[in-house]
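Take a look at the structure below.
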Amino acid sequence: QVQLVASGGREVPAGSSLRLSCVSSGRSFASYTLAWFRQAPGQERKFVAGIGRHSSRTAYADSVKGRFTVSRDDFKSTVFLQMNNLKPEDSAIYLCAANELLQVHTDESRYLYWGQGTQVTVPS
């Protein structure tokens, strides 16, 4: 069983930076492909960024490319999402997800384990 706990979200002004963290309590963290999704009120959950095993590959939604960076520390069983130049449209609950996948998938149904989410608010 893998448990994921996300943290780091808060309210920040537009143009600010935040780093989200997601810590896993399960074993074999290094074998998981990890992803961040976000969900705004009344909207579908959307893929934000993902990182493969051993940081082999990363993938980003077009809306965050050049502003967000996903990384992982397998020794600390943690995946990070560095978010720069935040915009009001980035406001959402951010959730981390994991599964033993060969590559990063943008489809949420491919991920078996989910964290509880952390709220990011960027007022307009």
Side-chain angles (χ1 to χ4, degrees):
Q1 185 70 22
V2 175
Q3 292 185 328
L4 303 170
V5 179
S7 63
R10 60 186 177 93
E11 181 172 322
V12 294
S16 299
S17 297
L18 274 179
R19 188 174 82 156
L20 305 183
S21 300
C22 178
V23 180
S24 170
S25 61
R27 297 188 296 179
S28 303
F29 181 83
S31 69
Y32 289 100
T33 288
L34 305 161
W36 288 94
F37 288 78
R38 67 186 182 187
Q39 188 166 19
Q43 296 186 21
E44 296 180 347
R45 188 175 297 179
K46 297 179 181 179
F47 174 82
V48 175
I51 186 166
R53 304 176 190 179
H54 311 298
S55 302
S56 55
R57 292 182 182 179
T58 58
Y60 297 92
D62 287 343
S63 59
V64 306
K65 280 181 181 177
R67 298 189 298 124
F68 290 12
T69 303
V70 61
S71 62
R72 63 190 295 165
D73 184 336
D74 289 343
F75 291 105
K76 296 182 178 180
S77 298
T78 304
V79 58
F80 303 99
L81 184 67
Q82 177 66 41
M83 306 186 295
N84 298 328
N85 190 23
L86 282 161
K87 303 176 181 181
E89 52 263 42
D90 295 319
S91 297
I93 294 175
Y94 283 72
L95 306 104
C96 52
N99 202 0
E100 292 188 87
L101 303 170
L102 295 179
Q103 60 186 24
V104 176
H105 290 272
T106 60
D107 181 355
E108 62 175 295
S109 68
R110 300 303 300 269
Y111 295 88
L112 182 60
Y113 306 106
W114 289 84
Q116 86 290 358
T118 185
Q119 177 72 49
V120 173
T121 303
V122 187
S124 56

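Predicted, not measured: the structure shown is a model, and the values here were computed from it.
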Between atom [atom1] of [X] and atom [atom2] of [Y], what is the distance when rounded to the nearest 0.5 Å?
| X | Y | atom1 | atom2 | result |
| --- | --- | --- | --- | --- |
| Q82 | L18 | CD | CG | 8.0 Å |
| T78 | L20 | OG1 | CG | 12.5 Å |
| T33 | R57 | OG1 | CZ | 10.0 Å |

For residues 8-24, the side-chain hydrogen bond (donor to acceptor under 3.5 Å, both in side chains) pairs (sequence neighbours left out) are S17-N84
Got a sec, which pairs hit disulfide bond (SG atoms under 2.5 Å apart) with one end in residues 18-105, sequence neighbours left out?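 Sorted pair list: C22-C96.
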Can you run down the disulfide bond (SG atoms under 2.5 Å apart) pairs that involve residues 27-60, sequence neighbours left out, and say none if there aren't any?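 Every pair satisfying disulfide bond (SG atoms under 2.5 Å apart) with a residue in residues 27-60: there are none.
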Between [X] and [Y], is there shared hydrophobic-cluster membership here, with clusters defined by ILVMFWY side-chain heavy atoms closer than 4.5 Å?
| X | Y | answer |
| --- | --- | --- |
| V12 | I93 | no |
| V104 | L4 | no |
| F47 | M83 | no |
| W114 | L112 | no |
| V2 | L34 | yes |

Give every residue pair that meets the salt bridge (Lys or Arg N to Asp or Glu O under 4.0 Å) criterion with at least one member in [range], sequence neighbours excluded.
| range | result |
| --- | --- |
| residues 77-91 | R38-D90, R67-D90 |
| residues 73-86 | R72-D74 |
| residues 39-54 | R45-E108 |

V79 side chain near V70 side chain, heavy-atom distance below 4.5 Å: yes
Would you please name every residue forming a salt bridge (Lys or Arg N to Asp or Glu O under 4.0 Å) with R110, sequence neighbours left out?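 Applying salt bridge (Lys or Arg N to Asp or Glu O under 4.0 Å) to R110 gives none.
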Sequence neighbours left out, what passes salt bridge (Lys or Arg N to Asp or Glu O under 4.0 Å) with D107? Give chain and number order. none
Looking only at heavy atoms, what is the nearest atom pair of S91 and A40, with distance?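 S91 and A40 have their closest heavy atoms at O-CB, 3.8 Å.
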Can you pull the ring pair (Phe, Tyr, Trp, His ring centres under 6.0 Å) pairs that have at least one residue in residues 50-77, sequence neighbours excluded? none
Validation: residues 117-124 side-chain donor-acceptor distances under 3.5 Å, sequence neighbours left out:
| from | atom 1 | to | atom 2 | distance (Å) |
| --- | --- | --- | --- | --- |
| T118 | OG1 | G9 | N | 3.0 |
| Q119 | NE2 | A92 | O | 3.4 |
| Q119 | NE2 | T121 | OG1 | 3.4 |

For Y111, what residues pass the ring-ring contact (aromatic ring centres under 6.0 Å, His included) criterion, not counting sequence neighbours? F37
What residues form a ring-ring contact (aromatic ring centres under 6.0 Å, His included) with Y32, not counting sequence neighbours? Y113
